[in-house]
Every structure is written in C-alpha cells, then in structure tokens.
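A, B, ... follow the sequence lines: proteins, then strands. Residue 1 opens every chain. Given the structure is predicted, the values throughout are model-derived calculations rather than measurements.
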Protein chains: 2
Amino acid sequence: MKTIEELLESKNIRVTAMRLLIYKFLVEKDVAVTLSDIENAFEKSDRTTLYRTIKTFEEKGIVHQIDDGTGITKYALCEKGCNCEIENDLHLHFHCNNCNETVCLTAHKIPQIKVPDGFVAENVNLVVKGICDKCSGH
Amino acid sequence: MKTIEELLESKNIRVTAMRLLIYKFLVEKDVAVTLSDIENAFEKSDRTTLYRTIKTFEEKGIVHQIDDGTGITKYALCEKGCNCEIENDLHLHFHCNNCNETVCLTAHKIPQIKVPDGFVAENVNLVVKGICDKCSGH
DNA sequence: TCATTAATGCACTTCCATTGCATTTGTTTT
DNA sequence: AAAACAAATGCAATGGAAGTGCATTAATGA
C-alpha cells in the first residue's frame with residue numbers, strides 16, 4: 001500500500017501540502033467533483049491553484065475529466081482499471097438527476113460502437129442519466 | 001411536403017420572419033450549430049432572440065440540444081426518427097477533432113447499456129470523437 | 001548557501017448562458 | 001377598425017466558469 005506521497009512521486013508530481021489535501025479530498029469523495037466543490041471544501045484555497053493542481057493531476061494520469069452534460073466540468077480519480085492516459089477512457093459515467101451527483105461506473109465498459117464508413121472513432125464519451133442507487137432506495 | 005410555415009404552425013409555434021430564417025439556416029446546415037454560428041450568419045440578429053427562438057424550438061420538439069464535450073452547447077433539427085421530446089434521444093453524435101463539427105448519426109442507435117443494480121437509467125448521451133468522413137478523405 | 005525551477009495567489013479577462021425590462025409586433029375581441 | 005391582450009424582439013446587464021499574466025513564495029539541486 002503506497003502512501004499518497006509515494007504515489008505522487010511515482011507520477012513525477014511534486015508533493016506539496018495543497019496537493020496532498022486535494023488528493024485526499026478526491027479519495028474521500030466517491031463521486032466526481034467540480035472545481036467549486038473543491039474550492040468550497042477548503043476555505044483558504046485559491047481557485048487558480050486548484051485549477052492548476054487538477055490540470056497537473058490530469059496530465060500525469062491520476063485524474064480524469066468528466067463531461068456529464070451539466071455544463072460544469074467534473075473530475076474524478078482514475079482507478080486501477082482506468083487507462084485514460086494511455087488509451088481511451090472506456091468506462092461510463094452515471095449522472096443522477098435527483099442528487100445531481102456523477103459517479104464513474106468503472107466496471108461497466110462501453111460496448112463497441114459502430115460508426116459509418118469514413119468515420120474514424122478515437123474516443124467515446126458516454127453518460128447515462130437517471131436515478132442512482134442511493135436515490136432509488138434499493 | 002409541408003411548408004416551413006405549416007410545420008411551425010403544426011407545432012404551435014408562431015411564424016415570424018426571424019423564426020423562418022433560423023429554421024432555414026438549420027435545414028441548410030447538416031451539422032449541429034452553436035448559438036454563435038447562427039448569430040454570425042445573420043448580421044442583424046440579436047443573440048437573445050436567437051437564444052429564445054432555439055429554446056422555443058427545443059420545447060416544441062423540433063430541435064434538440066447536443067453536448068459534444070467542447071463546452072459549447074450545440075443544436076440540431078430533429079429528424080423523422082428523432083423522438084427526443086417523447087422518449088429518450090437515442091441516436092449518437094459524432095464530433096470531429098479535425099474540423100470541429102458535430103453531426104447527428106441518426107441511423108445509429110445507441111445499444112442497450114447495462115447499469116448496476118439500484119441504478120435506473122432514464123437517458124443516454126453518447127458522443128464519439130474522431131475524424132469525420134469529410135476529413136478522413138474517404 | 002546560492003541559483004534554478006516549480007507552485008502559489010491575486011487580479012484580470014473572456015466567453016457563453018441567462019434574465020429583466022421596455023418596446024414592438026401580432027392576434028383576438030368587441 | 002379600434003382596443004385590449006399576449007407574445008416576440010432588442011438592449012442592457014448579470015452570473016458562472018474557464019483560462020491567463022505576473023509577481024511572490026516555496027522547494028530542489030548544485
């Protein structure tokens with residue numbers, strides 16, 4: 001079990017207090033978060049720092065960006081099965097219309113999508129909307 | 001073959017000069033367009049009018065909104081097969097990373113997506129990114 | 001320790017979506 | 001046809017989020 005410090009270092013990310021806090025925050029939340037979510041979690045934080053920290057995490061492949069259709073970019077930690085930095089990010093995301101939270105359904109891979117002749121698919125973004133397990137009550 | 005006037009009236013949309021122009025513009029473009037695209041097409045237009053016209057079209061079910069991940073909302077005419085006002089909008093969208101255009105692949109229905117127990121799927125948004133037929137050269 | 005490089009914080013800009021309100025246009029009623 | 005009403009339009013302004021420039025601070029390496 002790696003410490004967070006070791007994890008960051010293994011990805012060539014300098015360890016700073018802010019980065020540790022942000023990483024821990026992402027671990028604790030099991031849902032995708034917006035920049036504002038992080039901002040509100042730390043009163044003393046500066047939006048720019050958060051923004052750039054998340055971008056760094058993204059570039060280094062420990063966070064991926066999610067466009068769930070709400071118009072606000074969300075972010076979530078990449079999990080073991082997530083290879084979004086290497087190939088396409090092939091898991092799907094679920095957005096709850098009730099609690100407004102978005103989760104990664106890492107275990108659910110996106111089926112092969114056929115596109116017409118002449119089209120070359122490089123990447124797929126799939127968001128399912130509906131009611132999540134917590135809100136549906138079972 | 002209905003005239004545009006008849007079409008609008010059949011959907012309970014008042015016919016105005018601006019609305020006819022916007023509708024014709026959408027027909028001519030075979031790709032999804034942004035508000036700014038429409039704005040630039042008509043020098044004398046006001047952004048608000050376009051915005052509200054598109055919203056009206058959307059409510060009445062002749063236009064649907066597309067979130068292709070570029071961060072800018074796009075719109076396209078609903079076609080015969082498009083039942084987005086009644087049920088889910090089940091066709092997929094293709095965004096070209098080269099020419100930056102987004103098209104509706106109306107003929108390509110989204111396969112059934114399984115979600116974990118407890119989750120209730122109501123709607124699916126699927127955007128494939130890559131190179132479109134025009135840009136791939138065949 | 002000093003020099004270098006990266007991270008942070010503040011201020012600011014830009015872009016798009018959206019709303020309020022006054023005006024104009026179109027429709028309906030008498 | 002005129003008056004009354006409702007909807008469409010245009011202008012101005014707001015709000016939210018993304019992104020950038022620059023000076024300052026902190027961390028690393030020689």
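Among the protein residues, Thr53(B) comes within range of the sugar-phosphate backbone only, with heavy atoms under 4.0 Å from sugar or phosphate atoms but none that close to a base.
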Set out, in order, the CA-CA distance, both residues' side-chain angles and the distance that settles side-chain contact (heavy atoms from CB on, under 4.5 Å) for Tyr23(B) and Val27(B), then state yes or no. CA-CA 6 Å; Tyr23(B) 191 90; Val27(B) 171; 3.4 Å; yes
The test is salt bridge (Lys or Arg N to Asp or Glu O under 4.0 Å); show your working for Lys129(A) and Glu122(B) and say whether it passes. CA-CA 6 Å; Lys129(A) 300 195 181 191; Glu122(B) 292 176 346; over 6 Å; no
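There is a side-chain donor-acceptor pair under 3.5 Å between Thr34(A) and Asp37(A).
The side-chain contact (heavy atoms from CB on, under 4.5 Å) test applied to Val103(B) returns Phe119(A), Val31(B), Phe94(B), Leu105(B), not counting sequence neighbours. Under the side-chain contact (heavy atoms from CB on, under 4.5 Å) criterion, Arg14(B) pairs with Arg19(B), sequence neighbours left out. Listed by chain and residue number, nothing satisfies the salt bridge (charged side-chain N to carboxylate O under 4.0 Å, His left out) test with Lys29(A) (two or more places apart in sequence, or in another chain).
For the atom pair OG1 of Thr53(A) and CD1 of Ile22(A), the computed distance is 4.0 Å after rounding to the nearest 0.5 Å.
The nearest heavy atom of DNA chain D to Arg52(A) and to Ile13(B) marks one nucleotide each, and the one closer to the 5' end goes with Ile13(B). The residue among Thr48(B) and Arg14(B) whose nearest nucleotide of DNA chain C is located toward the 5' end is Thr48(B).
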Distances under 3.5 Å only, N/O to N/O: pair up the protein atoms with those of nucleotides 14-17 of chain C.
from    : atom 1 : to       : atom 2 : distance (Å)
dA17(C) : OP1    : Thr73(B) : N      : 3.2
dA17(C) : OP1    : Thr73(B) : OG1    : 3.3
dA17(C) : OP2    : Arg47(B) : NH2    : 3.1

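Counting 5' to 3', DNA chain D first comes under 4.0 angstrom of a heavy atom of chain B and last does so at the ends given by dA7(D) to dA12(D).
Residue Lys44(A) contributes atom NZ, which lies 17 Å from atom C1' of dC10(C) at whole-angstrom precision. In this structure, CD of Glu5(B) is placed 14 Å from P of dG26(C), rounded to the nearest angstrom. Per the geometry, CD belonging to Glu39(A) stands 12 Å off C1' belonging to dG9(C), to the nearest Å. We find that CE of Met18(B) is positioned 14 Å from P of dG26(C), with the value rounded to whole Å.
Between Leu20(A) and Val15(A) there is a side-chain heavy-atom pair separated by less than 4.5 Å. Two residues are said to be in side-chain contact when any heavy atoms from C-beta on lie closer than 4.5 Å; Val128(B) and His93(B) fail this criterion.
Note on the helix from dT1(C)-dA30(D) to dT30(C)-dA1(D): angle between the axes of the first and last five pairs equals 20°, rounded to 10 degrees.
In this model, the phosphate group of dT8(C) is approached by a side-chain N or O of Arg19(A) to a distance below 4.0 Å at OP1 or OP2.
Test Thr102(B), Thr73(B), Asn100(B), Asn125(B) against Asp68(B) for side-chain hydrogen bond (donor to acceptor under 3.5 Å, both in side chains) and you get one pass: Thr102(B).
One hydrophobic cluster holds both Leu21(A) and Leu8(A) under the rule that ILVMFWY side chains link at heavy-atom gaps under 4.5 Å.
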